[in-house]
Amino acid sequence: MAITHNLGFPRIGAQRELKFALERYWRGECSRDELQAVGSTLRQRHWQQQADLDWLPVGDFSFYDQVLDMSFTLGHLPQRVQGYQGDVLDNYFRVARGRSVHTDHAVQHGEQAGAHCAGCHGVAAGEMTKWFDTNYHYIVPEFTADSRFKLDASRLLTQIAEARQVNGGRLSTQIKPVIIGPLTYLAIGKAKDGSDKLALLPQLVNVYAELLAALAAAGIDWVQMDEPILVTDLDGRWQQGFEQAYQQLADSRVRLLLTTYFGPLQDNLSLLARLPVAGVHLDAVNARDEIAPLLAQLPADRVLSLGVINGRNIWKSDLCALLEWLTPLAAQLGDRLWLAPSCSLLHVPVDLESEQQLDREIRNWLAFARQKLDELTLLARALNDGRASVAEALTANAAALASRRQSTRVHKPAVQAELATLSPALGQRQSPYAVRAAKQALRLDLPLYPTTTIGSFPQTAQIRAARNDYRAGRLDAAGYQAAMQAEIARSVREQEALGLDVLVHGEAERNDMVEYFGEQLDGYVFSQFGWVQSYGSRCVKPPILFGDIQRPQPMTVSWTRYAQSLTNKPMKGMLTGPVTILNWSFVRDDQPRAVSCQQLALAIRQEVQDLERAGVSIIQIDEAALREGLPLRRAQWDEYLAWAIDCYRISANGVDDETQIHTHMCYSEFNDIIAAIAQMDADVITIETSRSDMELLDAFDDFNYPNEIGPGVYDIHSPNIPTEAHMVQLMQKAAERIPPQRLWVNPDCGLKTRQWAEVLPALRNMVAAARTLRASTAA
Ligand SMILES: Nc1nc2c(c(=O)[nH]1)N[C@@H](CNc1ccc(C(=O)N[C@@H](CCC(=O)N[C@@H](CCC(=O)N[C@@H](CCC(=O)O)C(=O)O)C(=O)O)C(=O)O)cc1)CN2
Ligand SMILES: [Zn+2]
């Protein structure tokens, strides 16, 4: 009997109920009890929706982030919030989002609050970073040599009790708490004092042992222990850490299912196989080749859970093919075979049933979280009761897959012919940077330390309401265009008044920097409710790249032209680069990512050339997700970077010398990939640096990065207003590393999540800082 289970369910709600409840609570518009009630309703609903499984995940729900939940369970909070009296949930949000100086409410409007509160009475928010290679951000655990842990199992115990009440307690399914394992918890955290995190392992594991004892006392049998760090390169000390920790936990009265996901185990396979746990989960989508070697090494009493349904994409699985290779395994393993999605379903939308406007043919190719669980139960029935018991469903699945394989909407000879002509030479600028820079300087006539912003201005409630009205048919196309033009005019007016040197149109018309382009490219469809949590209450709706990509018409030219008509200052054309569009979309699984990326590169190249023809003198091509797409294993980095950088270059570099190309990246680790960044050969790169105090620029300095750089001086994740003095000081640090002639002054990232009331004084200070810098350089 193959057993079915799930690693985690999306928690935001099919209608983003959790998002809206959180934001109401943060604005003081609903009570804590009401927020708790929404959480409880969502948990109940999600358990009911998973009731066909043999084992339900519990503890995968979170009001903000599952890593932060684990920090609370382990009693491990940053020093700065320890000893805070008051409600636990409020304290939790305080760690997640900080508390601004101006308000005692943990910051309004769903914003991430400041990490820098030097000299103010706010509380700095926990740092956020990407969860492995996903677009989900977690709150980074902060370690120091004297970190201490203290168990608080209340969240898990409460939710276990709650799960047992589902359907009036008549749920036949069993309950399996989900926690992040000790090694992964340590590995994804940051040692604030540079100390050795592994030194904390023994006392950390003591608290895990207490937790497992508490779960056993609550009648729990299996516990899912997530250790995705096992799919990354681990050195010997970390491998030893695994042995020690799990040796120590082997005495516990619960059975551990040690889960790995997002990739193959490689060097860690033998390690996992010999850990004294009751079962292991392997990502059988990405590591199918490892099933046989793992089974060969796994002791005969262990459960093997296979993640056979892809938890990272939205495609239907090929059930017949899966059955083909699972049938002998099921016969061999019997009850020892468990089946699951490859990873938590956190990374996919909830329910395809909500999508009534999606093209019927394409909808039939898709599966969201609920449909993926249906596939899983179907597989188990076919294995347990014979294929005949689900023959109809299997036939329908095969027909859907065949329709996708053969569709002329997927495979377009014209695109493939164009792709065949593609060569890296397309990514070559006409002249080297020095020659271009001189021509651009003549054309643009910018001052030293030119000021600019990264693209977006606040996405106000009015902008979203107008777009909502437009989508609902309450506002016609002309009305929508007028409303967006009014917003563009407003941001141009504000930028002129501020005295910025290079303006942007503000991106009012964009719902998102990726979805906006997906909506306009052939080969994409987009959903209405396909939201995926990005951080806290913030979600994205990744567009679905299903077929060969074509750009039917210009996507940004008319907005940019309108914006340029309002000012004599240079107006930056603003595009998202091919690698970022790829990484933040749901993409095809029937061709290599590199090929999809090349198609996107050609589409963006056309847009760049159209902007140039329209007289736009500066074009920015954002590659915010370039680094996030790096494979989890170093051995694969070069291959990825080679095609990713080629694609960016093809999109960006087909312009005349006089056209200035900017790129933007907002993350803070460049050391590893600085050579690749330099190969992009952008005339100007704007990056996130303000939180790292310009230390990030060491990478550019050491590498002798040749082109211009705008190191962010304004931390846009914070509601705090940076002072002129602070920004001058940051730029002076920058100027110690990069010659002033090659420096720009700009924020860390776009301003769409901020409010005008914060943006205006901050940019006023930023422009003042640039003037001060110019004066002191001239002197
Ligand atoms: N794709 C992507 N990934 C990214 C980023 C990014 O910008 N894009 N940035 C980084 C950080 N991540 C972020 C992710 C989301 C948001 C964000 O603000 N998301 C918005 C949704 C943005 C959006 O798509 N808005 C739509 C839909 C707006 C909406 O919710 N409308 C309401 C109605 C609103 C009204 O009537 O007022 C509805 O449909 O119910 C639009 O503007 O059209 C949110 O969660 O609130 C910000 C940063 C990393 N990853
Ligand atoms: Zn950015």
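The analysis underlying the following values was restricted to heavy atoms, covering all of them including side chains, and did not include hydrogens, waters or symmetry mates. Treat the numbers as computed from the prediction; the structure is a model and nothing was measured. When a ligand or atom number is given, it counts from 1 through the structure's own listing order.
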Q) Under 6.0 Å between the ring centres of F457 and W756? A) yes
The side-chain hydrogen bond (donor to acceptor under 3.5 Å, both in side chains) partner of Q459 among K752, R754, E507, R467 is R467
Query raised in the report: Looking at ligand 1, does R16 have a heavy atom less than 4.0 Å from it?
Result: yes
Q) Does ligand 1 have any atom sitting under 4.0 Å from a heavy atom of M513? A) yes
Check this for me: does any side-chain nitrogen of one of E17 and R45 sit under 4.0 Å from a carboxylate oxygen of the other? yes
Query raised in the report: Salt bridge between E353 and R370, side-chain N to carboxylate O under 4.0 Å?
Result: no
Quick check: does W531 get an N/O under 3.5 Å from an N/O on ligand 1? no
Next on the checklist: Looking at F700, I'd like to know if the NZ or CZ of R737 sits under 6.0 Å from its six-membered ring centre while staying within 45 degrees of the ring's axis.
Outcome noted: no
For the Zn ion (ligand 2), angle spanned by C666 SG and H664 NE2 (nearest 10°) is 110°
Check: K752 N/O within less than 3.5 Å of ligand 1 N/O
yes
Within 4.0 Å of some non-hydrogen atom of K19, the atoms of ligand 1 are 44 (C), 45 (O), 46 (O)
Of T460, D512, V514, D469, the residue with the heavy atom nearest atom 1 (N) of ligand 1 is D512
- [ ] Would you check if S71 and I139 make a side-chain contact, meaning some heavy-atom pair closer than 4.5 Å?
- [x] no
The protein heavy atom nearest to atom 9 (N) of ligand 1 is W584 CH2, 4.0 Å
message = For ligand 1 and H137, I'd like to know whether there is a polar contact (N/O to N/O, distance under 3.5 Å).
response = no
Note: heavy atom closest to atom 18 (O) of ligand 1, options R538, E509, Q15, belongs to R538
**Prompt:** Is the shortest heavy-atom distance from the side chain of Y449 to the side chain of W744 under 4.5 Å?
**Reply:** no
Closest heavy-atom approach to atom 39 (O) of ligand 1 among I581, D622, N468 is made by N468
Test your reading of the structure: does R467 have an N or O sitting under 3.5 Å from an N or O of ligand 1? yes
Ligand 1 atoms nearer than 4.0 angstrom to some heavy atom of V540 are 1 (N), 2 (C), 3 (N), 14 (C), 15 (C)
Original post:
Between Q533 and L346, is a side chain to side chain contact (heavy atoms under 4.5 Å, CB included) present by the stated rule, with each step listed?
Top reply: CA-CA 7 Å; Q533 192 175 10; L346 180 65; 3.6 Å; yes
Below the 3.5 angstrom mark, is there an N/O of C539, backbone or side chain, next to an N/O of ligand 1? yes
Atom 23 (C) of ligand 1 has as its nearest protein heavy atom N511 O, 3.3 Å
heavy-atom search around atom 28 (C) of ligand 1 in the protein gives R464 CD, 3.7 Å
message = Distance to the ring centre below 6.0 angstrom and angle to the axis at most 45 degrees; does that hold for R43 and F61?
response = yes
Restricting to heavy atoms, the pick from E23, M128, R471, Q528 nearest atom 27 (C) of ligand 1 would be R471
Just wondering, do T580 and V514 contact through their side chains at under 4.5 Å, heavy atoms? yes
So, does Q620 use its side chain to make a donor-acceptor pair with the main chain of T663 at under 3.5 Å? no
If you scan protein heavy atoms around atom 48 (C) of ligand 1, the nearest is Y535 CE2, 3.8 Å
### Query
Taking N or O atoms only and a 3.5 Å limit, does S534 qualify as a polar contact for ligand 1?
yes
Worksheet item: When the ring planes of W131 and F262 are compared, do they come out parallel, tilted or perpendicular, using 30° and 60° as the limits?
Response: perpendicular
for atom 3 (N) of ligand 1, nearest protein heavy atom and its distance come out as N135 ND2, 3.0 Å
The answer for which part of I463 has a heavy atom under 4.0 Å from ligand 1 is neither
Contact between V532 and V348 at the side-chain level, heavy atoms closer than 4.5 Å - yes or no? no
